[in-house]
Amino acid sequence: MIKIDIQLSPTSRLSEVDFADLGFGKHFSEHMFVADYTEGLGWHSCRVEPYQNLSLSPACGALHYGQALFEGMKAYKNVAGDVLLFRPDENCRRLNASAERMCMPTISEELFHGALETLLKIDQAWVPTTPNSSLYLRPYMFASEAVLGVRPSREYKYIIFSSPSSLYYNKPVRVRVEEKYVRAAEGGTGFAKCAGNYGAALFPTREAIKAGYDQILWTDGHLHQYIEESGTMNVMFVLKGNKILTSPVSGTILDGVTRKSILQIGREWGYEVIEERLSVETVIQAAHDGHLLEAFGAGTAATVSSICTIGYKGNDFELPEVTESSFSRRILAYMEALKRGQIEDTHNWIKTIKTT
Ligand code: COI
């Protein structure tokens, strides 16, 4: 067991939060977990303390050379009041894959899970039970050493804070196929959940928003012909004949936990899951011919978010409205019930944190 020092907040901000109107990322719960890393010593000084500002050197490596990465997770409550996490081992694995790519230290499973468990037991009252809401968890790591020479930092911080939140997208999403800017190229950091990937996407996303869309549909960095993912989520397309199409996980695409879970359940439900390079033309042609039934984004924050419009070369392709029997609606309902402990966890995906 890792040793975690605990300093509880003397007061509570819980009563200031309107749990019926959470939004996404507007509130931060009472405590945070912090661990320090020093080369030669490893991870140490693990602690839970009140959520508060950090004190950092202005020369801190993350701020100029971008050694920073994160994960996104959600905690739910079951009827017994226990806190549930969905496939946390997958987040631990991906965090460490990102860390390796960014020359940052990895985190043991014991530290990853021990930190979450301790924090969630302390902040259990912050896990919402209102419909569509959950406690969004943000584990992240960054270089904290004061450096000027370009080299990996010798000191890091690993922090987890959380935010009681509701839906990320509260209406179907309009996406525009990106034909100019590039999110990731082979050999780059596209598969890693590093901060720079998100920073670099802000400008093209703002351009898409200015043009009346909500998000970008990223394409390959070479020819802009193949669909990769959308900002904040992986993307999937449902075609007539019970087919689900999605781009394969590669060096340029984030290995989404929601993505892989949906594909596995889709297969179990009898869908043909096709994970192959997916050209924009194939999707547009299918939309044109009426074969494209649904398009949706899949992610932790986004859950399953319907795509209503695909903008491509100045034309908008409107997708059919989803109904209760649409795959995306059914898989969303299934995943939400699973994550809240309302149906049997046949895959052993749920980790229960006993709160009593
Ligand atoms: C998530 O889905 O958890 C993400 O990290 C995406 C985003 C909100 C940046």
Side-chain angles (χ1 to χ4, degrees), residues 22-29 62 66 68-76 84-99 101-102 112 116 119-120 127-128 132-142 158-171 173 175 183-184 189-206 208-209 214-218 228-236 246 249 252-263 296-307 328 331-332 335-336 339 349 351:
L22 286 171
F24 185 87
K26 286 200 305 196
H27 309 280
F28 298 106
S29 54
L69 57 85
F70 68 95
E71 277 297 315
M73 305 173 71
K74 281 177 172 173
Y76 302 81
L84 308 182
L85 290 173
F86 182 70
R87 307 189 79 176
D89 42 329
E90 288 290 335
N91 295 93
C92 180
R93 188 192 51 73
R94 189 172 62 186
L95 180 140
N96 283 330
S98 303
R101 178 64 179 84
M102 297 301 292
F112 187 84
L116 282 169
L119 184 65
L120 284 167
V127 181
N132 294 325
S133 59
S134 59
L135 185 67
Y136 186 83
L137 294 152
R138 175 49 57 87
Y140 71 110
M141 191 199 297
F142 63 92
Y158 175 58
I159 297 182
I160 311 172
F161 66 85
S162 67
S163 169
S165 289
S166 184
L167 299 175
Y168 193 85
Y169 296 111
N170 51 19
K171 59 176 178 44
V173 182
V175 298
R183 175 185 172 276
T189 58
F191 70 91
K193 216 162 163 59
C194 57
N197 287 349
Y198 293 79
L202 294 176
F203 179 79
T205 306
R206 192 175 62 185
I209 291 171
D214 303 301
Q215 262 303 343
I216 284 174
L217 194 51
W218 288 109
E228 301 242 296
E229 60 179 70
S230 187
T232 73
M233 51 198 186
N234 296 113
V235 279
M236 302 187 187
T246 194
V249 167
T252 58
I253 291 176
L254 196 77
D255 185 6
V257 182
T258 309
R259 174 191 181 279
K260 68 170 59 159
S261 308
I262 291 177
L263 296 185
F296 61 90
T300 299
T303 62
V304 176
S305 293
S306 269
I307 293 173
S328 52
I331 196 78
L332 174 62
M335 299 273 284
E336 287 300 295
K339 291 175 187 173
W349 283 346
K351 179 174 169 155

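Atoms within each ligand, like the ligands themselves, are counted from 1 in listed order.
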For ligand 1, indicate whether the residue K193 contacts it via side chain, backbone, both or neither (heavy-atom separation under 4.0 Å).
side chain
Between Y168 and Y136, is the ring centroid distance below 6.0 Å?
no
Side-chain donor/acceptor of R183 to backbone N/O of S230, under 3.5 Å:
no
Is there a donor-acceptor pair under 3.5 Å between the side chain of R138 and the backbone N or O of E71?
yes
Could you tell me the residue and atom name of the protein heavy atom closest to atom 3 (O) of ligand 1, and the distance to it rounded to 0.1 Å?
Y136 OH, 2.4 Å
protein heavy-atom neighbour closest to atom 2 (O) of ligand 1 works out as A301 N, 2.8 Å
Would you say the side chain of W218 lies within less than 4.5 Å of the side chain of T252, judging by non-hydrogen atoms?
no
Which of the atoms in ligand 1, numbered in the order shown and given with their element, are less than 4.0 Å from a heavy-atom of Y168?
8 (C)
Taking only non-hydrogen atoms of K74, do any sit less than 4.0 angstrom from ligand 1?
no
Quick one: does S328's side chain have a donor or acceptor within less than 3.5 Å of a partner on S306's backbone?
no
Cation-pi, F86 ring and K339 (6.0 angstrom, 45 degrees)
yes
Using ring centroids (six-membered ring only for Trp), state whether F161 and Y140 fall under 6.0 Å.
yes
For atom 9 (C) of ligand 1, the closest protein heavy atom turns out to be Y198 CE2, 3.7 Å
If you count the atoms of ligand 1 from 1 in the order shown, which ones are under 4.0 Å from a heavy atom of F70?
5 (O)
For ligand 1, which atoms sit closer than 4.0 Å to a heavy atom of G72?
3 (O)
Using a 4.0 Å cutoff against the non-hydrogen atoms of R138, which atoms of ligand 1 qualify?
5 (O)
